[in-house]
A.B. asks: 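Before we start, here is the structure in question, set down as structure tokens.
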Amino acid sequence: MTERNQQRYETQTIEAKWQAYWEAHQTFRTEESGAKPKAYILDMFPYPSGAGLHVGHPEGYTATDIIARFRRAQGYCVLHPMGWDAFGLPAEQHAIRTGTHPRETTVANIANFRRQLKALGFSYDWSREIDTTSPDYVRFTQWIFLKLFERGLAYQQEVPVNWCAELGTVLANEEVKDGLSEVGGYPVTRVPLRQWVLRITAYADRLLDDLSLNEWPASTKQMQEAWIGRSRGCQVRFAVDQAPQVDGDEPLVLDVFTTRPDTLFGVTYLALAPEHPHLKALTAADQANAVAAYVEAARHRSDLDRKAAKTKSGVPLGTCARHPLSGEPIPLWVADYVLGDYGSGAVMGVPAHDERDFDFATICGLPIKQVIVRDDPTRAADIAPPGVLDAAVCEPGRLVNSAEFSGLTSDAASEAIAAALEAASAGKVAVQYKLRDWVFARQRYWGEPIPILFPVETTGDPRAGADYRIDYSQPIALNASELPLTLPDLEDFRPGSDPAGALARALDWRFVQRDGRWFARETNTMPQWAGSCWYYLRFIDPHNPKCIADPTKLREWLPVDLYVGGAEHAVLHLLYARFWHKVLFDVGAVPTPEPFAKLVHQGMILGEVEYGVYRDATGQPVSRTDVDLRADPPVRRADSAPLSLERVAPDQVTKNKRGDFELARDAGVVLEARAHKMSKSRGNVVSPDEIIQSFGADSMRLYEMFMGPLEATKPWNTQNIQGVRRLVDRAYQIARSADRTLRVEDCAESEALTRALHRTVRKVTEDIEALRFNTAISALMVLTQTLQDLVRVPQAAAETLALLMHPFAPHLGEEMWACLGHPPSIQSVPWPSFDPALCESDTIEVPVQINGKVRGRLTLRRGLAEAEVLAQAQSLEAVALNLEGKALIKTVWVPDKILTLVVR
RNA sequence: GCCGGGGUGGCGAAAUGGCAAACGCAGGUGACUUAAAAUCACCCGAGGUAACCCCUCCUGCGGGUUCGAGUCCCGCCCUCGGCACCA
């Protein structure tokens with residue numbers, strides 16, 4: 001190498017040059033596929049935050065970019081787009097703080113994100129860029145809402161919602177953590193509010209069943225299954241003694257859902273949730289005060305309290321219901337372990353066969369009646385005497401004490417009892433879901449307006465201050481031709497105390513007159529999920545003015561072939577998008593039942609590993625093993641002295657025998673050693689800008705792919721980029737110095753070189769297909785080393801290296817290709833092929849094992865028979881030595897792999 | 001508590017049931033250099049021997065299946081995610 005020109009690869013100028021070339025030549029513009037096979041390769045598009053990209057974003061984006069470039073080289077027609085999920089709370093809060101219009105913030109943030117993505121050399125078709133806040137896009141988000149509305153899938157409801165006064169908005173259950181808002185950590189209280197709700201529960205079965213159509217991670221499917229939470233059981237109807245009449249003259253009955261109708265004769269009480277609508281009516285006069293006090297206390301208990309208090313509590317209502325089959329009286333109770341919003345808000349208490357009911361009955365002194373015994377002939381007599389059961393028997397078994405059903409198995413009894421209930425008009429087979437309808441209204445400014453009008457009764461012009469009353473019971477859809485309904489310009493974006501939101505103050509926008517009558521617009525906006533529910537459809541035909549996308553094009557491109565994004569979206573985004581897709585499928589707007597055929601989650605990239613030592617107030621170091629970490633701040637176990645955690649530089653750390661890290665000059669002091677999630681507050685965020693600045697975009701891409709498996713959680717380490725940076729330099733030098741006159745066959749090492757080339761092509765091709773980028777890069781490093789060791793590198797060998805390298809390091813690939821005398825772009829060159837026969841050598845080296853230990857090696861021709869291999873093995877000195885005086889019991893010859901001898 | 005993923009050198013990691021540690025970082029030695037950086041070459045799990053050969057041990061812990069287990073089975077421990085009274 002010494003006489004070769006060692007000019008270092010100049011990342012700044014070379015990368016800028018090729019990015020400009022791609023832009024000028026529209027290299028990655030998607031062609032309409034025609035006869036070619038198609039590949040729709042999609043990233044989860046980002047929310048363009050003010051902080052810009054962090055290194056976690058490019059991980060998934062690099063993976064899809066590699067696949068996109070690889071597929072193009074293989075002759076696929078590739079759709080690989082990018083856009084912006086640009087509505088959202090941060091821009092609005094920034095607006096509230098600074099008075100800058102969210103539109104301005106959003107435009108600036110998008111420009112910054114786009115610059116950063118382009119600096120990484122991603123091969124997006126930028127002519128398809130989407131912004132969910134643009135009127136062109138909002139038009140169709142609203143159009144889809146109208147479809148939902150037309151089909152009765154969007155309705156209004158007074159819902160007890162999580163109202164956050166600080167944010168001035170309602171939060172979804174999943175946005176509330178421990179009684180505080182997930183964003184900002186403000187207190188949340190439950191208040192009834194008129195909301196738009198989407199009837200996702202109507203699609204529960206299909207959302208569950210169609211998961212099987214998708215090639216998704218099993219864990220993600222399981223999470224969606226758990227979220228939908230389908231359980232089959234029985235709806236049981238309990239008549240109530242002296243039933244009050246509600247809603248007309250029907251006497252009140254209590255419906256409860258159970259998955260265990262076989263335990264029906266074990267019911268000893270019914271428990272109602274504190275939120276149960278008819279609780280008051282069911283309470284006896286002498287219990288009214290006690291019940292009211294209990295309900296009030298439950299209402300004030302935050303989620304936090306309810307989590308802390310594990311013991312159950314309740315108050316009797318002083319009234320009874322009737323067992324639907326036996327007619328026995330069953331006392332009614334209110335208990336806060338019953339959830340108000342699941343099932344009917346009431347449960348039948350079967351203490352003998354349900355852990356929670358058992359706890360409750362034990363605490364409240366209710367009877368425990370066993371009706372199931374284990375169905376085990378060897379232990380026939382294990383019916384506990386009355387009152388002696390020490391834990392609930394939850395497994396199915398055989399029935400006892402259950403009238404004519406005694407003796408049946410749980411399965412048979414469940415069916416028989418359901419039938420008996422049905423015959424008595426006291427119940428039916430039923431399915432219950434955990435999934436709830438989706439609250440789809442936010443009291444915010446920066447979201448899509450909901451395209452609905454309400455009639456207004458008014459004395460004059462409500463915009464001018466006339467009195468008015470809005471009739472929310474008569475929602476009127478806007479006409480599709482009136483879309484998009486855009487946001488009014490506001491000066492003040494604060495939601496204010498009015499739960500109707502900031503838009504309620506935009507009187508000129510809110511009130512419209514038609515045919516002399518006044519109407520009011522809906523002032524709620526859509527949640528941020530709306531835009532991301534269908535953006536993958538718009539990418540297919542982003543400028544279509546007439547419909548979400550041309551049906552022909554949708555048929556051509558759907559479903560998405562590969563969708564890559566974070567596992568944090570495993571449930572919400574992916575479930576909501578599937579729901580909308582199915583509705584659009586029913587409408588006839590999309591041709592497939594499911595949107596995303598294959599899904600992969602990239603793992604999280606953590607900050608650099610940090611070491612820390614605990615110290616007490618005097619500065620004395622305290623071993624981690626002596627620290628009680630449950631306290632806040634952590635304390636020393638011995639005396640509960642409060643401790644602080646101090647960072648320790650990595651070079652002051654050693655590892656001890658037990659595998660713990662210790663202070664190098666203070667052995668025995670065990671350290672805290674962990675990589676943490678990157679966060680601003682921790683100060684461990686790495687920006688792609690600085691990495692590109694010092695190492696180049698190709699090294700950034702290569703490093704993130706080389707760190708480990710795509711799906712794994714991995715700690716960042718800037719120092720490790722050195723390795724892939726060297727790869728870039730070496731590959732570049734090979735291209736610069738390649739000999740254009742030398743053919744591979746004429747090279748001195750021709751046979752070995754041919755084999756190395758074919759094997760590397762095979763390895764890289766297979767690894768890219770399987771998204772094993774780390775091992776593909778490792779193979780490229782090996783090939784680079786092989787070529788570097790040659791005295792003269794044949795042109796064809798350097799070309800193969802360039803072609804294999806370019807999906808990972810596209811700027812380098814183009815530069816190598818140019819150095820090798822070819823016009824751009826390398827992207828238009830077909831992917832190299834390999835010949836399996838040329839991947840293998842004629843001779844192989846196989847180990848010879850004796851009792852599991854390698855004692856020798858044989859160099860053999862392929863395809864030898866066992867007898868011959870054994871003969872050769874026995875002639876090896878080391879093998880002969882180990883066989884001496886022993887009996888050969890067994891030989892195992894795995895052809896061309898390994899020979900194992902078992903001796904005694 | 002339940003459901004998932006994971007525990008392999010100083011570090012990131014690799015390994016269709018078939019030679020554990022490929023590839024890379026860091027470290028060490030040498031070459032080049034006045035010197036440093038960069039680059040190049042070699043070494044680099046632990047212990048015994050200690051110059052080499054060689055031997056022994058080693059994939060969180062304990063069992064099992066197998067000629068052969070990081071990989072499969074059973075029982076634990078630790079760790080990271082998710083869910084959490086769902087009747």
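The analysis underlying the following values was restricted to heavy atoms, covering all of them including side chains, and did not include hydrogens, waters or symmetry mates. Note on naming: letters A, B, ... go to the chains in the order of the sequence lines (proteins, then strands), and numbering restarts at 1 for each one.
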A.B. asks: What interatomic distance, in whole Å, is found between P of B/C78 and the corresponding atom of B/G68?
C.D. replies: 32 Å
A.B. asks: Scan A/P709 against the nucleic acid and name what it touches under 4.0 Å (heavy atoms): base, sugar-phosphate only, or nothing.
C.D. replies: sugar-phosphate
A.B. asks: Counting only side-chain nitrogens and oxygens, does A/R726 get under 4.0 Å of the OP1 or OP2 atom of B/C25?
C.D. replies: yes
A.B. asks: With C1' as the reference atom in both, quote the distance from B/U8 to B/G60 in angstrom, rounded to an integer.
C.D. replies: 10 Å
A.B. asks: Side chains of A/P351 and A/L366: does their closest heavy-atom pair fall under 4.5 Å?
C.D. replies: no
A.B. asks: If you measure from the P atom in B/G27 to the same atom in B/A37, how many Å do you get, rounded?
C.D. replies: 10 Å
A.B. asks: What integer distance in Å separates A/I605:CD1 from B/A13:P?
C.D. replies: 11 Å
A.B. asks: Sequence neighbours excluded, which residues qualify as salt bridge (charged side-chain N to carboxylate O under 4.0 Å, His left out) partners of A/E215?
C.D. replies: A/K598
A.B. asks: Between A/R674 and A/E610, does any side-chain N to carboxylate O distance fall below 4.0 Å?
C.D. replies: no
A.B. asks: Under a 4.0 Å heavy-atom cut-off, which of residues 759-769 of chain A touch RNA chain B?
C.D. replies: none
A.B. asks: Please tell me if A/T775 has a side-chain N or O lying less than 4.0 Å from either OP1 or OP2 of B/A15.
C.D. replies: no
A.B. asks: Can you give me the closest heavy-atom contact between A/L812 and A/A731, atom names plus distance?
C.D. replies: CD2-CB, 4.1 Å
A.B. asks: Would you mind classifying the nucleic acid contact of A/V894 as base, sugar-phosphate or nothing, using non-hydrogen atoms under 4.0 angstrom?
C.D. replies: base
A.B. asks: The side chain of A/S778 is closest to which nucleotide in this list: B/G81, B/A22, B/A87?
C.D. replies: B/A22
A.B. asks: Among B/C67, B/C19, B/G82, which nucleotide sits nearest the side chain of A/M223?
C.D. replies: B/G82
A.B. asks: When you compare the side chains of A/W893 and A/T891, does any donor N or O come within less than 3.5 Å of an acceptor on the partner?
C.D. replies: no
A.B. asks: Can you check the distance between B/C73 and B/U49, where both ends of the measurement are the C1' atom (answer in whole Å)?
C.D. replies: 40 Å
A.B. asks: Looking only at side-chain atoms of A/P715, point me to the closest of B/G12, B/C67, B/C23.
C.D. replies: B/G12
A.B. asks: Heavy atoms from C-beta onward define the side chain here; which of B/A87, B/A41, B/C67 lies closest to that of A/D789?
C.D. replies: B/A41
A.B. asks: Ignoring hydrogens and angles, answer whether the base of B/G18 and the side-chain atoms of A/T900 contain a donor-acceptor pair closer than 3.5 Å.
C.D. replies: yes
A.B. asks: Toward the 5' end of RNA chain B, which comes first, A/N851 or A/V609, by nearest nucleotide?
C.D. replies: A/V609
A.B. asks: Could you work out which one of B/U16, B/C19, B/A87 sits closest to the side chain of A/K897?
C.D. replies: B/U16
A.B. asks: Round to a whole Å and report the spacing from CG of A/L606 to P of B/A13.
C.D. replies: 10 Å
A.B. asks: Give A/R725 one of three labels, base, sugar-phosphate or nothing, depending on what nucleic acid heavy atoms sit under 4.0 Å from its own.
C.D. replies: nothing
A.B. asks: Decide, yes or no, whether a salt bridge links A/E672 with A/R647 under the criterion of side-chain N to carboxylate O below 4.0 Å.
C.D. replies: no
A.B. asks: Please assess A/F661 against A/Y611 for the test ring-ring contact (aromatic ring centres under 6.0 Å, His included), listing each intermediate value before the final yes or no.
C.D. replies: CA-CA 8 Å; A/F661 289 95; A/Y611 300 93; 5.4 Å; yes
A.B. asks: Examine B/A14: is either OP1 or OP2 under 4.0 Å from a nitrogen or oxygen in the side chain of A/N774? Give yes or no.
C.D. replies: yes
A.B. asks: Which one of A/L207, A/L208, A/V571 satisfies the side chain to side chain contact (heavy atoms under 4.5 Å, CB included) criterion with A/W227?
C.D. replies: A/V571
A.B. asks: Is B/G47 syn or is it anti, if syn means the base angle is within 90 degrees of 0?
C.D. replies: anti
A.B. asks: Is A/E59 paired with A/K714 through a side-chain N to carboxylate O contact shorter than 4.0 Å?
C.D. replies: yes
A.B. asks: Using the C1' atom as the point on both nucleotides, what is the distance between B/G45 and B/C80, in whole Å?
C.D. replies: 26 Å
A.B. asks: Taking the same atom, C1', in B/G6 and in B/C25, what whole-Å distance lies between them?
C.D. replies: 22 Å
A.B. asks: NA contact type, A/Q849, heavy-atom cut-off 4.0 Å: base, sugar-phosphate, or nothing?
C.D. replies: base
A.B. asks: Report yes if a side-chain nitrogen or oxygen of A/R730 is closer than 4.0 Å to either non-bridging phosphate oxygen (OP1 or OP2) of B/C40; otherwise report no.
C.D. replies: yes
A.B. asks: Scan A/V782 against the nucleic acid and name what it touches under 4.0 Å (heavy atoms): base, sugar-phosphate only, or nothing.
C.D. replies: sugar-phosphate
A.B. asks: Whether A/K312 engages the ring of A/F360 as a cation-pi pair (distance to the six-membered ring centre under 6.0 angstrom, angle to the ring normal within 45°) should be assessed.
C.D. replies: no
A.B. asks: Would you call A/R772 and A/E766 a salt bridge, taking side-chain N to carboxylate O under 4.0 Å as the test?
C.D. replies: no
A.B. asks: For A/E662 and B/G10, give me the distance from atom CD to atom C1', rounded to whole Å.
C.D. replies: 14 Å
A.B. asks: Apply the side chain to side chain contact (heavy atoms under 4.5 Å, CB included) test between A/V347 and each candidate in A/Y337, A/Y342, A/F257, A/Y269; give the one that qualifies.
C.D. replies: A/Y337
A.B. asks: Counting side-chain heavy atoms from C-beta on, which of B/C85, B/G12, B/C19 comes nearest to A/Y337?
C.D. replies: B/C85
A.B. asks: Check the phosphate of B/A87 against A/Y342, side-chain N and O only, distance under 4.0 Å to OP1 or OP2. Yes or no?
C.D. replies: yes
A.B. asks: Output yes when at least one side-chain N/O atom of A/Q785 is less than 4.0 Å from OP1 or OP2 of B/A41, else no.
C.D. replies: yes
A.B. asks: Nearest 0.5 angstrom please: A/L599 CG to A/M44 CE, how far?
C.D. replies: 5.5 Å
A.B. asks: Quick one: label A/S231 by what it contacts on the DNA or RNA (base, sugar-phosphate, nothing), any heavy atom closer than 4.0 Å.
C.D. replies: sugar-phosphate
A.B. asks: Both atom distances under 3.5 Å, Watson-Crick or G-U wobble: I'd like the secondary structure of RNA chain B as a dot-bracket string, with | for pairs made across strands.
C.D. replies: (((((((..(((.....[....))).(((((.......))))).((((.....))))..(((((..]....))))))))))))....
A.B. asks: Please compare A/G229 and A/P847 by the position of their nearest nucleotide in RNA chain B and report the one closer to 5'.
C.D. replies: A/P847
A.B. asks: Using atom CZ of A/F773 as one end and atom P of B/C23 as the other, report the distance to the nearest whole Å.
C.D. replies: 22 Å
A.B. asks: Please give, in whole Å, the distance from B/C80 P to A/E568 CD?
C.D. replies: 19 Å
A.B. asks: Taking atom P in both B/A36 and B/C43, what distance in whole Å separates the two?
C.D. replies: 24 Å
A.B. asks: The side chain of A/K890 lies closest to which of these nucleotides: B/A87, B/C67, B/C23?
C.D. replies: B/C67
A.B. asks: The side chain of A/Q722 lies closest to which of these nucleotides: B/C40, B/A13, B/A26?
C.D. replies: B/A26
A.B. asks: Within less than 4.0 Å of OP1 or OP2 of B/U39, is there a side-chain N or O belonging to A/Q733?
C.D. replies: no
A.B. asks: For B/C23, does either OP1 or OP2 sit under 4.0 Å from a side-chain N or O belonging to A/R772?
C.D. replies: no
A.B. asks: In whole Å, measure the gap between the C1' atoms of B/U79 and B/C32 for me.
C.D. replies: 48 Å
A.B. asks: Starting the side chain at C-beta, find the nucleotide from B/C85, B/C67, B/A41 nearest to A/Q788.
C.D. replies: B/A41
A.B. asks: How many Å lie between CD on A/Q224 and P on B/C83, as a whole number?
C.D. replies: 13 Å
A.B. asks: At what distance, to the nearest 0.5 angstrom, does CE of A/M348 lie from CZ of A/R260?
C.D. replies: 9.0 Å
A.B. asks: Among the candidates B/U56, B/C25, B/C3, find the nucleotide nearest to the side-chain atoms of A/K853.
C.D. replies: B/U56
